[in-house]
Amino acid sequence: MQPDDAAGIIDDAVLTSTITTNLLGPIRLTSALIEHLKKQKKAAVIYNTSVLGYAPLALTAVYSSTKAALHSYVLSQRYKLAGTSVSVLEIAPPWVQTELMNSSENPNAMPLREFIDETVKVLGTDAEEILVERAKSMRNNVGPNEGAFVTQFNDFIQQPQ
């Protein structure tokens, strides 16, 4: 997750690396395994997107865009694999205390252990979208007020800690 400037020149190395890692990598891996998975009695593909795919963080516009694109791919793949033995799941984390963007000590981010525990609990259900409670408000943001929500979210993130 590299910062970028959607209002300026995007570093091509950041652009290429982010798209390759977050979008091309998962699609290529799944594509390489999908025929094998379809032959299994029961199989699952699990993608890791982000709530930033629903409410982009302007500081990381390219990263957020790849997560939105991967979410779209998940929906298409889930549709195409309906009725097969392959389930397509999507984990969309909120901001979690990890090394990503030096968030491990940020009190506004969700503690990692709490995220893992909630995620595993939801994985034990029949949910296709694996969302912890903290992710739901951003996930449920689609609609006519989307632009206002994204502005409010980014204004909050930009505030000094």
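Just so you know, these numbers use all the heavy atoms, side chains as well, and skip hydrogens, waters and symmetry mates. Values in this document were obtained by computation on a predicted structure and should not be read as measured data.
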Student: Go through the structure and list residues passing salt bridge (charged side-chain N to carboxylate O under 4.0 Å, His left out) with E129, not counting sequence neighbours.
Tutor: R139
Student: Hey, what else clusters with L112 if you join Ile, Leu, Val, Met, Phe, Trp, Tyr whenever side-chain heavy atoms sit under 4.5 Å?
Tutor: I46, L89, I91, V96, M110, F115, I116, V120, V122, L123, I130, V132
Student: Would K121 and D117 pass as an ion pair if we require N to O under 4.0 Å?
Tutor: no
Student: Which heavy-atom pair separates A92 from A135 by the least distance, and what is that distance?
Tutor: O-CB, 3.6 Å
Student: I need the minimum non-hydrogen distance between S85 and K41, along with the two atoms involved.
Tutor: CB-O, 3.3 Å
Student: What residues form a side chain to side chain contact (heavy atoms under 4.5 Å, CB included) with D155, not counting sequence neighbours?
Tutor: T151
Student: Tell me if a side-chain donor or acceptor on S31 pairs with a main-chain N or O of I27 at a distance below 3.5 Å.
Tutor: no
Student: Output all residues satisfying side-chain hydrogen bond (donor to acceptor under 3.5 Å, both in side chains) with N22, sequence neighbours left out; order by chain, then residue number.
Tutor: T66
Student: Go through the structure and list residues passing side chain to side chain contact (heavy atoms under 4.5 Å, CB included) with A58, not counting sequence neighbours.
Tutor: N154
Student: Could you pull out all residues at least two apart from Y54 that satisfy ring-ring contact (aromatic ring centres under 6.0 Å, His included)?
Tutor: H71
Student: Which heavy-atom pair separates K67 from N48 by the least distance, and what is that distance?
Tutor: NZ-O, 3.1 Å
Student: Is there a side-chain contact between E118 and R134 in this structure, where contact means two heavy atoms from C-beta onward sitting under 4.5 Å apart?
Tutor: no
Student: Would you say L59 ends up clustered with V62 if hydrophobic residues are merged whenever their side chains have heavy atoms under 4.5 Å apart, either directly or through other cluster members?
Tutor: no
Student: So if you build clusters from Ile, Leu, Val, Met, Phe, Trp, Tyr with side-chain heavy-atom gaps below 4.5 Å, do I19 and Y63 land together?
Tutor: no
Student: Sequence neighbours left out, what passes side-chain hydrogen bond (donor to acceptor under 3.5 Å, both in side chains) with K136? Give chain and number order.
Tutor: E133
Student: I need the minimum non-hydrogen distance between T49 and P93, along with the two atoms involved.
Tutor: O-CD, 3.4 Å
Student: Tell me, please, which residues at least two apart from E35 pass side-chain hydrogen bond (donor to acceptor under 3.5 Å, both in side chains).
Tutor: K38
Student: Go through L57 and F153 one step at a time and tell me if the side chain to side chain contact (heavy atoms under 4.5 Å, CB included) criterion holds.
Tutor: CA-CA 8 Å; L57 176 61; F153 167 65; 4.1 Å; yes
Student: Quick check: closest heavy atoms across A109 and S103, and the distance to 0.1 Å?
Tutor: CB-O, 4.2 Å
Student: Going by the salt bridge (charged side-chain N to carboxylate O under 4.0 Å, His left out) test, which pairs reach into residues 68-84, not counting sequence neighbours?
Tutor: R78-E128
Student: Please name all residues satisfying side chain to side chain contact (heavy atoms under 4.5 Å, CB included) with D11, sequence neighbours left out, ordered by chain then number.
Tutor: A13, V14
Student: Suppose we screen for side chain to side chain contact (heavy atoms under 4.5 Å, CB included). Which residues come up paired with A43, at least two apart in sequence or across chains?
Tutor: L37, Q40, V86
Student: For T30, what residues pass the side-chain hydrogen bond (donor to acceptor under 3.5 Å, both in side chains) criterion, not counting sequence neighbours?
Tutor: Y47
